[in-house]
**Student:** 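I have a structure I would like to understand better, so I am pasting it below and will then ask my questions one at a time.
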Amino acid sequence: MYNFNHHRPGSLADAASTIAGAEDGKLLAGGMTLIATLKQRLASPSDLVDLGAIAELKGICEDGNAIVIGAMTTHAAVANDATVKTKIPALATLAEGIGDAQVRNCGTIGGSIANNDPAADYPAALVGLGATVRTNKREIAADGFFTGMFETALAEDEIITAVSFPVPEKAGYAKFANPASRYAIVGVMAANGPAGLRVAVTGAGPCVFRLSDAESALSGGFSANAVANVGVAADGLNSDLHASAEYRAHLVGVMLRRAVAAAG
Ligand SMILES: Cc1cc2nc3c(=O)[nH]c(=O)nc-3n(C[C@H](O)[C@H](O)[C@H](O)COP(=O)(O)OP(=O)(O)OC[C@H]3O[C@@H](n4cnc5c(N)ncnc54)[C@H](O)[C@@H]3O)c2cc1C
């Protein structure tokens, strides 16, 4: 049987004090991962702190040369937002390619990055665009946020409030999707902007990583030709029923060239 206390605070301050005071509490966003985890009895929290009624965690706004997306903003909202489509079209493309309509309408950017699934799309966006994660306690650069498979720099009771993306001059995202779930077998974000020239790869390894060889190659000119011969070794890449490490290594090169070409 499920046996937890359900809380639905109306403010970030209330959510923060509730999760901090819970014996073994869990934050609930859209439930796309967490509800399945509970149903499989892989977690049994004492308290669920539902963030769904906190207006300050939702929405998208411009902040100088950055776009700030609230943690409880759904993938569908990001995909359809006029400002995101204009300023960072690669991010809208990425959000549009997540899962199916139900997942895009319930899943959130905060839940996705807190979960840090190795096949999730958003980690490539955050690292590739040089984003900053805002929490109720601090700001964390994307490079230091994703620390390992399903692991992040977040403390147990820390709440992501928003993600700030500097607007790049160029950015492109390409993904080879699992045909069933749409999770990334391999996804690559390539960008050039205020955060520098960055290439981030998701799906291929246990955690998102930057591809420094590609970044060096692109510094001479941002074109698919510049990265024609860039690749990765299969050593250390994921290997499962969906794709071998060797196939993922091959896909990194292909998705890299598509991402750079998509950036224009
Ligand atoms: C069928 C299916 C297909 C999918 N396909 C894709 C895909 O193609 N690409 C992709 O990237 N993802 C995919 N996903 C994942 C999806 O995009 C969700 O973002 C992800 O499941 C997290 O869901 P959620 O936002 O509802 O968070 P929840 O499930 O509610 O929470 C997930 C975790 O994050 C924590 N959390 C939530 N919000 C916060 C916060 N603000 N601060 C701190 N911690 C928080 C929770 O405590 C929990 O541990 C898929 C999921 C499903 C079920």
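Reckoned from all heavy atoms, side chains included, excluding hydrogens, waters and symmetry mates.
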**Student:** Which heavy atom of I88 sits nearest to which heavy atom of P166, and what is that distance?
**Tutor:**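 Closest pair (atom of I88, atom of P166, distance): CD1-O, 4.2 Å.
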**Student:** Between Y122 and L94, is any pair of side-chain heavy atoms under 4.5 Å apart?
**Tutor:**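 In short, these two side chains touch, coming nearer than 4.5 Å.
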**Student:** Examine distances only and state if a side-chain atom of T18 and a backbone atom of D14 form a donor-acceptor pair shorter than 3.5 Å.
**Tutor:**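 Yes; judged by distance alone, with no hydrogens or angles, the pair exists.
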**Student:** Check whether any side-chain heavy atom of R138 sits under 4.5 Å from a side-chain heavy atom of I140, and report yes or no.
**Tutor:**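 The answer is yes; the side chains approach within 4.5 Å.
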**Student:** Using modelled atom types only, decide if a donor and an acceptor are shared between the side chain of N80 and the backbone of A76 within a distance under 3.5 Å.
**Tutor:**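 Yes, the answer is positive, given that a donor and an acceptor are paired below the 3.5 Å cut-off.
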**Student:** Give a yes or no on whether M189 and V167 share a hydrophobic cluster (residues Ile, Leu, Val, Met, Phe, Trp, Tyr; joining criterion: side-chain heavy atoms under 4.5 Å apart).
**Tutor:**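 Yes; tracing contacts between hydrophobic side chains, which count when under 4.5 Å, links both residues.
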**Student:** Main chain of G52, side chain of K58: is a donor-acceptor contact present, judged purely on distance under 3.5 Å?
**Tutor:**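 Yes, the answer is positive, given that a donor and an acceptor are paired below the 3.5 Å cut-off.
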**Student:** Please walk me through it: do I160 and V133 pass side chain to side chain contact (heavy atoms under 4.5 Å, CB included)?
**Tutor:** CA-CA 7 Å; I160 300 165; V133 179; 3.9 Å; yes
**Student:** Quick check against the 3.5 Å criterion: does K175 have a side-chain atom that pairs as donor or acceptor with the backbone of I185?
**Tutor:**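 No; zero donor-acceptor contacts below 3.5 Å.
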**Student:** Got a sec: does the CZ of R210 have more than 12 other heavy atoms crowding it under 6.0 Å?
**Tutor:**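 Yes, the 6.0 Å shell around CZ holds more than 12 heavy atoms from other groups.
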**Student:** Given the rule that I, L, V, M, F, W and Y join up when any side-chain heavy atoms are under 4.5 Å apart, are L28 and L57 in one cluster?
**Tutor:**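 Cluster IDs for L28 and L57 differ.
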**Student:** When you check the gap from the basic side-chain N to the acidic O, do D240 and R248 get nearer than 4.0 Å?
**Tutor:**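 Between R248 and D240 there is a salt bridge, with a charged N closer than 4.0 Å to a carboxylate O.
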**Student:** Between R134 and E139, is the closest basic N to carboxylate O distance under 4.0 Å?
**Tutor:**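 Yes.
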**Student:** Could you go step by step and tell me if F165 and V84 meet the side chain to side chain contact (heavy atoms under 4.5 Å, CB included) rule?
**Tutor:** CA-CA 10 Å; F165 291 93; V84 177; over 6 Å; no
**Student:** Contact between N5 and L48 at the side-chain level, heavy atoms closer than 4.5 Å - yes or no?
**Tutor:**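 Not touching, per the 4.5 Å side-chain cut-off.
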**Student:** According to a 4.5 Å side-chain heavy-atom criterion applied to Ile, Leu, Val, Met, Phe, Trp and Tyr, with indirect links allowed, do V78 and V103 form part of one hydrophobic cluster?
**Tutor:**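 Yes; tracing contacts between hydrophobic side chains, which count when under 4.5 Å, links both residues.
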**Student:** Main chain of A119, side chain of T202: is a donor-acceptor contact present, judged purely on distance under 3.5 Å?
**Tutor:**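 No.
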**Student:** Determine whether L256 and V230 make a side-chain contact, defined as any pair of heavy atoms from C-beta on separated by less than 4.5 Å.
**Tutor:**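 Result yes, sub-4.5 Å side-chain heavy-atom pair found.
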**Student:** So which atom in A184 and which in G187 form the shortest heavy-atom distance, rounded to 0.1 Å?
**Tutor:**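 Minimum heavy-atom separation between A184 and G187: CB-N, 4.0 Å.
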**Student:** In terms of side-chain heavy atoms, does H7 have a donor or acceptor partner in D50 at a distance below 3.5 Å?
**Tutor:**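 Checked: H7/D50 side chains show no N/O donor-acceptor pair below 3.5 Å.
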**Student:** Are F145 and F209 co-members of a hydrophobic cluster defined by side-chain heavy atoms under 4.5 Å apart?
**Tutor:**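 No, separate clusters.
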**Student:** Should V260 and V254 be counted in the same cluster of Ile, Leu, Val, Met, Phe, Trp and Tyr side chains packed under 4.5 Å apart?
**Tutor:**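 In one cluster: yes.
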**Student:** In sequence, state the C-alpha distance, the side-chain angles, and the governing distance for F4 and S46, and then conclude on side chain to side chain contact (heavy atoms under 4.5 Å, CB included).
**Tutor:** CA-CA 5 Å; F4 53 78; S46 62; 6.0 Å; no
**Student:** Please identify which of these residues, I69, I109, I67, meets the side chain to side chain contact (heavy atoms under 4.5 Å, CB included) condition with L91.
**Tutor:**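 Going through the options one by one, the only one that passes is I69.
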**Student:** Would the distance check show the side chain of R104 and the main-chain N or O of G99 forming a donor-acceptor pair, the cut-off being under 3.5 Å?
**Tutor:**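 Between the backbone of G99 and the side chain of R104 there is a qualifying donor-acceptor contact (under 3.5 Å).
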**Student:** Are any side-chain N or O atoms of N116 and backbone N or O atoms of E151, one a donor and one an acceptor, separated by less than 3.5 Å?
**Tutor:**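 Judged by distance alone, yes, a pair lies under 3.5 Å.
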**Student:** How far does OG1 of T135 sit from CD1 of I159, to the nearest 0.5 angstrom?
**Tutor:**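 Taking OG1 in T135 and CD1 in I159, the distance rounds to 9.0 Å.
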**Student:** Has E96 got a side-chain atom pairing as donor or acceptor with A92's backbone, closer than 3.5 angstrom?
**Tutor:**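 Judged by distance alone, no pair lies under 3.5 Å.
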**Student:** Stepwise, does the side chain to side chain contact (heavy atoms under 4.5 Å, CB included) test hold for M32 with C106?
**Tutor:** CA-CA 7 Å; M32 289 292 94; C106 293; 3.7 Å; yes
**Student:** For E56, does the CD atom sit with more than 12 other heavy atoms under 6.0 Å from it, leaving out its own atoms?
**Tutor:**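 More than 12 heavy atoms, drawn from other residues, nucleotides or ligands, come within 6.0 Å of this atom.
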**Student:** Test your reading of the model: is there a side-chain donor-acceptor pair from T132 to the backbone of S164, 3.5 Å cut-off?
**Tutor:**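 Looks like no, no N/O pair under 3.5 Å.
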**Student:** Can any side-chain N or O of R182 pair as donor or acceptor with the backbone N or O of D100 at less than 3.5 Å?
**Tutor:**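 Side chain of R182 to backbone of D100: no pair is present.
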**Student:** Strictly below 4.0 Å, N to O, side chains only: are R198 and D143 in salt-bridge contact?
**Tutor:**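 Yes, this pair counts.
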**Student:** For the rings on Y183 and H242, is their centre-to-centre separation under 6.0 Å?
**Tutor:**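 No, too far apart.
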